[in-house]
Structures are given as C-alpha cells and as structure tokens.
Trainee: 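Here it is, the structure, as structure tokens.
Just so you know, ligand 1 is whichever comes first in the structure, and atom 1 is the first atom listed for that ligand.
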Amino acid sequence: MIHLFRWPREDETLSSWLYWQSRLHGLSPQTYTAMSLPGLEIWTRDADRWLSDIAIQKIACCLGQSQATVKSMTLAGRYGEVLGEIRQYNSVHWIMPIGVYHRRRRLHGQQFCPECYLEGSVLKLSWRLAWNSFCEKHQCPLIDACPACDEPLTLFYTDPYHHNVCFNCGRYIASPGQKERHYDLCMAFSRRFSSAVRADAPDPGSLRTLMTLQLGQSQGRHLQSTWRSRIGAVPSATARGRWEYVRTAERRVLIPATEAALQTGLKRIVDDLIGHRITRECLRNHQVGQNLWLEKYVYPELDTKQRSPKSRSNYKAEMADPLREIQRRHTSASRRTRREARAHCIDIMLGIPRQ
Ligand SMILES: [Zn+2]
Ligand SMILES: [Zn+2]
C-alpha cells in the first residue's frame, strides 16, 4: 500500500484524523487501521482521551508523524496541563465521556459544530470539554447527536465519502442554523479556562463545584432556578447528576446562568449562597480536588455568616440525601444497624474517633 499523509488540523482528534487517513486511501476506518496499525485497537476504546506511550510510538512510527504530534491529538496530550493528569481509567473533570461500548458510542460526549463538520468533517478535541457549548467561528451552538435520531456521532461507522449522512438513520446531518441567545456569556465562561486568567478568578475546580452543586441537593437546585430565571431561562427539573453527563442543550442554559452570576461579583455570589442556605459543607459535598478560589474567597465569608457548621444537627440536615442513600443500601439490615451506620458516618464526617 502506498501511504498517503494528511497533516492533522488544529485541535483535531486522533479518531477524526484516522478517519481522514482511511478516506484518503479509499478504505473503511476498520480496514485502514487493521492494515496500517496491525494489533492496535483504536475504535474499541476512547483513543482521543488517552493512549499509552507504546501505542503513541507505534502510530507515530507507522503513520509518519512525530510522537508529539500524535500525543497532541489526545486530550491527555493537549489539555493535561489545564485539567491535571489524565490516565487510562481516572475520571477527569470537564472531559465528557463518550461511553465506549465495543465500536458504538453510548453517551453524547463528542459535541460538534454542524457547520464546521459539514465543511471539513473534522472533529475537535475542545468539543469534548464541558465548558464549551458554542463554535467560536460560526457562533452557532454545538450539537451532540444526529438531530433526527439522537444517535451520537460515530466515525467508525460513518461512510468515508458521506460524512454528512448519519450512520444510524441515513438522513443528512443538517445544521439547525439558529444563532442562539447567550453566546457572549458562554464564550466568557469558556475563556475562564485559558491560562491567562487573573489570579483571583475562579479556578477550574471551583467552577466545577459550582456547576455540580446546581445539579445535586435541593438547595443547589433552588440556586440553579434563581440563576436561570435571571437570564430569562425556565427552570429545569431534569438536569441532575454529574456535570459532565449533562446533555449539550441543558449545559447551554446552565453555563450562561452561572456566568451571569459570576459576573455580578463575589459579594453577590456569597449572598446568593447564603440566601439559599448553602453552607461550606454543602459545597464540600460536591468538591473534588483543589478548589482554590472557594477555599480562599468564598468559604471564609460563608463561615462568618452561617450558623455553626460543625453541629451534629446541621450535618444531619445537610447530609440528608447522602445519608438516605446509605440507608437505602442497608435496607436488608435491621433498623438498629441502619441507625448505627448513620451515626458512624456522621462521626467520620465530624472527625470523632470511634469508641
Ligand atoms: Zn463551526
Ligand atoms: Zn440519525
């Protein structure tokens, strides 16, 4: 086989580049990778997220690219500095999962701009990040599935010469063509993740805690309704759970609502949190990793104005949901065992050693 090469585009994903390589050779993605990268599994894993050094070396060697170029087509290579270390199985915040199931994709983590995609059939790594919801070039909303059948885009099954046809329903992927509201707020939010932001601006960890807070306990969901109503969006009862699993359309409301709140300044945010009875512990329930901005600027304010956060009754009230979950898991146990398990949990949270 005479090997043809196409240079990867800016921010292109590895799978998108391999799809283009197969197209250059007139082969299906499967045949192309089986012939040019024998023994290496690409399509049954999330290769755009992380690849081992051996796999990167093999792709670089077989397909005439430098290792750095191949690595920069994965999220680990390109966004590792902003997001922290990305390993094979760790869950990294802000990266949306695609739910690999054999060669299919079960989750809607790969967003795309329909206009960019129809122009060049290139998928970008930045579209996998949960802080992006608009295309900067076309100012149009990103979509995360075929508009007709809601199936996630799967390049493995996409016809090499008809990338604009959905592999599942066979209809043309058309651009919705609407320019949505809140574009400026969404772009302002995604700019918070650039390396040039001010030192006292919220860090990615704190921003994620604020987003997840709005999808969790009732106080957080009330805060979400308030923030949404300020930008004229209707409250939603459906968006719950982990931030990265929320669908694009829903995130496109949550992001501008939060950005509008952030732009009102620290004092107003603290007042909002207090007004919705959100305590430091409430926020800590959703906090993972470092939250420098919350620790430094928000928590001290909450502490001085809140009721004592260390009392047992406050813990019981704030931890009601997680505790009920623990109870549910112990339903087969006796009432006494459940009560003891719950008391033990509170002791752990308060740091009381067990007698
Ligand atoms: Zn675009
Ligand atoms: Zn479809």
Side-chain angles (χ1 to χ4, degrees), residues 6-17 19-20 22-23 28-30 43 48 72-73 75 78-79 94-194 245-256 259:
R6 163 186 165 275
W7 291 110
R9 299 285 182 269
E10 171 75 18
D11 203 27
E12 184 171 12
T13 67
L14 181 68
S15 58
S16 165
W17 180 67
Y19 172 79
W20 255 100
S22 66
R23 185 173 157 155
S28 71
Q30 183 178 21
W43 306 101
D48 299 338
S72 72
M73 286 189 276
L75 287 159
R78 198 173 169 92
Y79 291 100
W94 296 108
I95 294 183
M96 292 189 289
I98 51 172
V100 175
Y101 179 71
H102 300 288
R103 293 181 175 94
R104 288 194 83 109
R105 305 287 178 254
R106 282 181 161 177
L107 297 174
H108 298 81
Q110 179 67 67
Q111 311 176 94
F112 60 100
C113 161
E115 296 192 30
C116 284
Y117 180 69
L118 293 177
E119 272 171 29
S121 74
V122 166
L123 292 181
K124 291 186 185 178
L125 285 171
S126 57
W127 294 338
R128 283 283 301 275
L129 302 168
W131 64 73
N132 286 324
S133 54
F134 274 88
C135 168
E136 204 165 2
K137 185 179 165 196
H138 296 103
Q139 302 196 358
C140 69
L142 301 179
I143 56 175
D144 58 3
C146 162
C149 70
D150 204 37
E151 187 71 17
L153 191 73
T154 310
L155 287 178
F156 178 80
Y157 290 115
T158 306
D159 186 310
Y161 296 106
H162 297 100
H163 71 276
N164 52 350
V165 173
C166 169
F167 82 96
N168 187 50
C169 67
R171 275 177 256 188
Y172 283 101
I173 295 174
S175 167
Q178 85 246 40
K179 307 277 182 223
E180 258 185 69
R181 294 188 302 162
H182 311 315
Y183 170 77
D184 293 335
L185 285 171
C186 285
M187 292 318 289
F189 186 79
S190 50
R191 274 194 284 275
R192 290 181 182 275
F193 295 84
S194 78
Y245 286 73
V246 175
R247 292 286 300 268
T248 305
E250 195 58 51
R251 271 186 303 106
R252 218 164 19 247
V253 184
L254 271 165
I255 288 176
E259 175 60 31

Trainee: Need one value: angle at the Zn ion (ligand 1), Cys113 atom SG versus Cys116 atom SG, rounded to 10 degrees.
Mentor: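 So the angle at the metal works out to 110°.
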
Trainee: May I ask you to say whether Arg247 pairs ionically with Asp150, meaning some side-chain N is under 4.0 Å from a carboxylate O?
Mentor: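 So Arg247 pairs with Asp150 through a salt bridge.
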
Trainee: Which angle, to the nearest 10 degrees, do you find at the Zn ion (ligand 2) between SG in Cys149 and SG in Cys166?
Mentor: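 SG of Cys149 and SG of Cys166 make an angle of 110° at the Zn ion (ligand 2), to the nearest 10°.
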
Trainee: Treating Arg9 as the side-chain partner and Trp7 as the backbone partner, does any N or O pair qualify as donor plus acceptor under 3.5 Å?
Mentor: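 Indeed, once roles are kept as given, a pair shorter than 3.5 Å links the two residues.
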
Trainee: Could you check whether the rings of Tyr157 and Phe167 sit parallel, tilted or perpendicular, using 30° and 60° as the cut-offs?
Mentor: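 Answer is parallel, since the angle falls under 30°.
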
Trainee: Would a line drawn from the ring center of Trp127 to the ring center of Phe112 be shorter than 6.0 Å?
Mentor: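 Between Phe112 and Trp127, which both carry aromatic rings, the centre distance is not below 6.0 Å.
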
Trainee: Is His138 close enough to the Zn ion (ligand 1) to have an N, O or S atom under 2.8 Å?
Mentor: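 Looking at His138, which is the residue asked about, there is an N, O or S atom under 2.8 Å from the Zn ion (ligand 1).
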
